[in-house]
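These notes concern the structure reproduced below.
Order of listing sets the numbers, starting from 1, for every ligand and every atom in it.
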Amino acid sequence: MPSIFTKIVQGEIPSYKVAEDDQFYAFLDINPNAKGHTLVIPKKEVNRIFDLDKETYTGLMGFSYQVAKALEKAVPCERIGMSVIGLEVPHAHVHLIPINVMDDMRFIKKEKLSQDEFVALANEIAESFE
Ligand code: 5GP
């Protein structure tokens, strides 16, 4: 069965898209630690990040770099934190989180956003993506 993230890539499940190319897809986390919390995934479905072939892994890191640069421009924050977990969704992904305090990297403190806020954020980040 395809992962929930594969369904997002295929448009079967909606997402707030931030950026995309032929191999990678970036979208806002639906239950964000902080405003702008973004997930970056390879379109190719592989469960564990270190099971990706090396080229896809380095491509994912390069694409995450570009997304982080856009996040820095669009979302005021101290810096962008990066984390890889994957215990909930078995499809390799990088969390990019605009952080101000250490707690922003803990998956306990959550930010509630309206649909309009999600849309506005995704658009702002997408506009800064190069
Ligand atoms: P992890 O697998 O790294 O433990 O966490 C998965 C992350 O994916 C969580 O932060 C969760 O909020 C996010 N997530 C789970 N399902 C969806 C979804 O359907 N859409 C979006 N945008 N994010 C999701």
Side-chain angles (χ1 to χ4, degrees):
M1 204 174 87
S3 75
I4 199 159
F5 290 171
T6 293
K7 289 181 180 172
I8 282 175
V9 168
Q10 291 173 347
E12 283 176 45
I13 292 178
S15 67
Y16 300 103
K17 183 170 98 171
V18 163
E20 176 179 21
D21 71 4
D22 57 331
Q23 289 189 79
F24 305 104
Y25 192 88
F27 56 106
L28 295 179
D29 193 299
I30 204 67
N31 189 21
N33 290 20
K35 272 185 192 166
H37 182 166
T38 298
L39 303 174
V40 189
I41 66 170
K43 291 183 175 177
K44 185 194 297 185
E45 184 178 331
V46 171
N47 181 351
R48 296 176 175 83
I49 196 163
F50 296 118
D51 286 340
L52 290 171
D53 61 82
K54 199 169 172 189
E55 196 184 331
T56 306
Y57 173 81
T58 54
L60 178 65
M61 289 302 138
F63 198 77
S64 298
Y65 175 93
Q66 286 175 270
V67 174
K69 292 288 176 193
L71 270 174
E72 275 176 347
K73 284 186 197 150
V75 183
C77 61
E78 169 62 28
R79 61 184 59 217
I80 305 298
M82 185 167 96
S83 170
V84 173
I85 304 173
L87 288 171
E88 184 186 332
V89 179
H91 182 143
H93 53 279
V94 173
H95 293 261
L96 295 176
I97 308 170
I99 59 173
N100 293 296
V101 294
M102 187 65 95
D103 270 0
D104 292 332
M105 286 307 289
R106 301 181 72 207
F107 287 71
I108 296 169
K109 179 174 160 267
K110 294 292 179 179
E111 190 82 27
K112 283 273 166 270
L113 299 177
S114 68
Q115 190 169 337
D116 287 350
E117 287 175 309
F118 271 119
V119 170
L121 254 177
N123 287 340
E124 277 173 54
I125 301 162
E127 278 165 21
S128 300
F129 184 81
E130 291 175 0

Strictly below 4.0 Å, N to O, side chains only: are K112 and E117 in salt-bridge contact?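 Looking at K112 and E117, the cut-off is not met.
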Charged N to carboxylate O under 4.0 angstrom, K43 versus E20?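 Yes, charged N to carboxylate O under 4.0 Å.
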Report the residues that fulfil salt bridge (charged side-chain N to carboxylate O under 4.0 Å, His left out) with D29, sequence neighbours left out, ordered by chain and then residue number.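 Salt bridge (charged side-chain N to carboxylate O under 4.0 Å, His left out) check on D29 returns nothing, list empty.
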Which protein residues have a heavy atom under 4.0 Å from ligand 1?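 Lining ligand 1: I4, F5, I8, F27, L28, D29, I30, N31, L39, I85, G86, L87, E88, V89, H93, H95.
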Evaluate the criterion side chain to side chain donor-acceptor pair (under 3.5 Å) for residue pair K109 and N33; output intermediate values, then yes/no. CA-CA 6 Å; K109 179 174 160 267; N33 290 20; over 6 Å; no
Approximate separation, where rounding is to 0.5 Å, of I108 CD1 and D103 CG: 7.5 Å
Pair H95-S83, side-chain donor/acceptor within less than 3.5 Å: no
